[in-house]
Amino acid sequence: MTTDSPSPTDFIRRMIIEDNESGRFGGRVQTRFPPEPNGYLHIGHAKSINLNYGIARDFGGKFNLRFDDTNPTKEEEEYVQSIIEDARWLGADWEDRLFFASDYFDQLYAWALQLIEQGQAYVDDLSAEEIREYRGTLTEPGKESPYRNRSIEENLDLFKRMKEGEFPDGSRVLRAKGDMASGNINMRDPVLYRILHATHHRTGDKWCIYPMYDWAHGQSDSIEGITHSICTLEFEDHRPLYDWFVEQLGIYHPQQIEFARLKLTYTVMSKRKLLLLVNEGHVHGWDDPRMPTISGLRRRGYTSEAIRDFTERIGIAKNDSVVDIALLEYCVRQDLNLRAPRVMGVLNPLKVVITNYPEGQSEELFAINNPEDESAGSRKVPFSRELYIEQEDFMEDPPKKFFRMAPGREVRLRYAYFITCVDVVKDDAGNVVELHCTYDPATRGGDAPDGRKVKATLHWVSARHAVDAEVRVYDQLFTDANPNDPPEGKSFLDLLNPDSLHVLNGCKLEPSIQAATPGQRFQFERMGYFCVDPDSTPDSPVFNRTVTLKDTWARVQQQR
RNA sequence: UCGGGGAUCGUCUAAUGGCAGGACCGGGGACUUUGAAUCCUCUAAUCGUGGUUCGAAUCCACGUCCCCGAGCCA
């Protein structure tokens, strides 16, 4: 009844358990992830991968990676490589079972000949537009093509000549004989093959006819011995076709099961929209850290463990749903809290001079690398007369609940000393540019021997020892929780958040960060989780903010 | 309205004829050398109307609303 582990029996696993009990597939379980190489993987795909791979793993079955590469006009090798990399990074293991639908083109062709010979497929000369007209509408039946009753011999001849390249693109198609009056439009003589004189990323120019999804997918599953072919809801009314083809061919019959695709608030998930964002330059590529792509999330600093945890927490069902992106952020904080070493970094520096600290002197203070992980050890952080603190940690005229630095107030510098603000230096425009403070030498390490308390602990960096860095802070890509549903006359692009990226320069980081390499993740204490960007060099380090820490103070401020 | 699918706390998801549970979000509190983490705690739901039943989120009937489908895309 109550399960505290998040992974459990969703309706798909229950179906599999039933199949195993009835011996339907001989107790065998084999799943697959079937991406089309026409874009990068996104977190919706991660849901599918973790579902399919997780099922295979949990049931002691097998998992295949199969590219659904039946449309050479949209598919590219670059996408194949990125998908393999991302799927692996997510933790999926297909062992030696990396397949391509294009591996099966010969078999698919032979099966098409079989269907023609059985009198169940024909070559149609109607134009694309005519086919559409003949198909009818959602509420009215279609009518049969005048070419539907060609002889088997003529169909065989024409289809072979289609394959030989005798006809131009679009001039003919091979269609199955379905039922032009069916309420399910997929059954109204679906197209099996179209003529495409295009170079395929794997088969080159060998073919000029290419199978449609419906003709390729089920039979590919059948060839691979897939038991449970899991796909998303929009394929639900393709299932009768899926079943019909394998039955007519008399081949092994897998079970198609559909579940709801993932939607997330404040982002878009369709490959078409993501491609548009990339092509129109609204983001800097598929791996832009604001993208919901796997490569974007990785660059942002997400771990595959956090993503897997997320895909387990959201569950599997058939309800259309939109998951709050706050859950994803919760998952990555949860994971990074345990593994990210802490470091001090000031994003918006405010200079502090400790007036009673000797000029030219410095010392090293003890700091813990990760309070959640003792094995992470400790480090030394340099302290000196001139420091930086965060601008937002000082207010000249603080409201009631603000208990950070203010004139006359004493606070703790993390791992260092208690300091008291004695003077505020301003520029001509009245901006606070520097604080003069005194420190209490007796509070070294951060504890007052007399037991007095301070309400705030601030992070800081010694000015002389600081590493300058660029920090890229991100906000949601869209201002609207559901950019898929823009107001009348607007596009989802109109809902783009103009402030989704802020580049901060001159950020001050403690020197221990110097050796960090791209991909490394840190918690900047009190500020959030950050990760070294691939653009980073030893001379000019660049960090991405993965996510802020949960910020109670920020919430209090918003309520005011 | 032709076919297919779906409606449970704000969100996601359990309960498959027997106490509507969990997680996220939000509120309150404890603790605190991160306003973090952790811990405690609270708010909050069965689309509607009938029916069957000792008992209905679950079964039945009739409604309502939402999603998908008319690519030579997948």
Side-chain angles (χ1 to χ4, degrees), chain A residues 1-4 6 8-10 14 34-36 38 68 70-71 73-75 124 126-128 131-133 135-142 169-175 181-188 191-196 210 212-214 216-217 231-240 258 260 265 271-272 313-324 326-331 333-334 337-338 342 344 367-368 371-372 401-404 412-416 418 443 445-447 454-459 481 523-528 548-556:
Chain A
M1 175 160 279
T2 50
T3 48
D4 28 47
T9 38
D10 52 77
R14 268 203 293 270
E36 183 188 14
N38 68 341
D68 225 331
T70 58
N71 185 353
T73 65
K74 292 189 174 175
E75 296 153 5
D124 196 348
L126 252 27
S127 70
I131 286 180
R132 191 181 335 118
E133 284 163 6
R135 188 153 32 221
T137 70
L138 294 177
T139 53
E140 300 157 20
D169 288 4
S171 58
R172 288 187 163 86
V173 293
L174 183 72
R175 290 229 257 172
S182 173
N184 181 346
I185 288 182
N186 295 301
M187 301 303 283
R188 320 236 266 226
V191 173
L192 271 37
Y193 276 92
R194 72 286 214 189
I195 301 172
L196 247 31
Y210 290 92
M212 298 288 289
Y213 166 85
D214 285 307
H217 201 92
C231 60
T232 44
L233 252 27
E234 68 271 26
F235 293 102
E236 207 149 20
D237 46 14
H238 290 243
R239 178 151 37 93
E258 311 83 15
T265 56
K271 280 200 259 187
R272 195 200 116 247
R313 283 170 183 270
I314 58 178
I316 300 294
K318 296 188 75 160
N319 310 341
D320 290 309
S321 59
V322 184
V323 177
D324 193 334
L327 181 60
L328 216 210
E329 294 179 341
Y330 168 83
C331 290
R333 284 188 187 112
Q334 189 84 357
N337 176 49
L338 299 177
R342 316 284 122 129
M344 291 196 285
I368 290 169
E372 306 285 339
K401 288 181 181 165
F402 182 89
F403 46 83
R404 276 111 96 145
R412 170 168 40 234
L413 295 182
R414 177 95 157 141
Y415 297 125
F418 285 13
T443 58
D447 270 317
V454 287
K455 289 183 83 175
T457 299
L458 308 186
H459 62 280
Q523 183 194 108
F524 290 3
E525 292 214 28
R526 304 205 308 133
M527 299 307 286
T548 61
L549 257 29
K550 192 176 163 198
D551 191 345
T552 305
W553 169 240
R555 203 178 312 125
V556 169

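Numbers restart at 1 for each chain; the letters A, B, ... are given by sequence-line order, proteins then strands.
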Fill in the blank from the handout: Protein-proximity profile, nucleotides 65-74 of chain B, B/S/- by nucleotide at the 4.0 Å heavy-atom cutoff, equals --SSBBSBSB
When you measure from the side chain of [X], which nucleotide among [options] comes out closest?
| X | options | result |
| --- | --- | --- |
| A:R526 | B:rU34, B:rC12, B:rA15 | B:rU34 |
| A:R404 | B:rU34, B:rG35, B:rA15 | B:rG35 |
| A:A317 | B:rG35, B:rA7, B:rA14 | B:rA14 |
| A:T552 | B:rA36, B:rC24, B:rU13 | B:rA36 |
| A:E372 | B:rA37, B:rU11, B:rU34 | B:rA37 |
| A:L327 | B:rA37, B:rC24, B:rU34 | B:rC24 |

Mind calculating the distance between [atom1] ([X]) and [atom2] ([N]) to the nearest angstrom?
| X | N | atom1 | atom2 | value |
| --- | --- | --- | --- | --- |
| A:R333 | B:rC25 | CZ | C1' | 11 Å |
| A:Y330 | B:rU11 | OH | C1' | 15 Å |
| A:L328 | B:rC25 | CG | C1' | 14 Å |
| A:E329 | B:rA37 | CD | P | 13 Å |
| A:I368 | B:rA36 | CD1 | P | 18 Å |
| A:R412 | B:rA36 | CZ | P | 15 Å |
| A:D324 | B:rG10 | CG | P | 14 Å |
| A:K318 | B:rU8 | NZ | P | 16 Å |

Under 4.0 Å between any heavy atoms, over every strand shown, what does [X] touch: base, sugar-phosphate, or nothing? Just pick one.
| X | value |
| --- | --- |
| A:R175 | nothing |
| A:P240 | nothing |
| A:E525 | base |
| A:V454 | nothing |
| A:Q334 | sugar-phosphate |

[N] OP1/OP2 closer than 4.0 Å to side-chain N/O of [X]:
| X | N | result |
| --- | --- | --- |
| A:S321 | B:rU13 | yes |
| A:R555 | B:rG27 | yes |
| A:R313 | B:rU11 | no |

Handout entry: Pairwise side-chain contact, A:T73 with A:L196, heavy-atom cut-off 4.5 Å (strictly under)
Key = yes
Exercise for the section: May I ask you to decide whether A:R239 forms a salt bridge with A:E258, counting only side-chain N to carboxylate O separations under 4.0 Å? Expected result: yes
Practice task
Output yes when A:E236 and A:K318 qualify as a salt bridge under the 4.0 Å nitrogen-oxygen rule, no when they do not.
Solution key: yes
Fill in the blank from the handout: Which of A:R414, A:R342, A:H459 passes side-chain hydrogen bond (donor to acceptor under 3.5 Å, both in side chains) with A:E525? It is A:R414
For [N], the Watson-Crick or wobble partner whose two distances fall under 3.5 Å:
| N | answer |
| --- | --- |
| B:rU1 | none |
| B:rC47 | B:rG63 |
| B:rU52 | none |
| B:rU8 | none |
| B:rA37 | none |

Handout entry: Point-to-point distance, once rounded to the nearest 0.5 Å, from CH2 of A:W553 to CZ of A:F402
Key = 6.5 Å
Exercise for the section: Using only heavy-atom distances, determine whether the side chains of A:S321 and A:N319 contain a donor-acceptor pair under 3.5 Å. Expected result: no
Exercise for the section: If the glycosidic angle is within 90 degrees of 0 it's syn, otherwise anti, so just tell me which one B:rG71 is. Expected result: syn
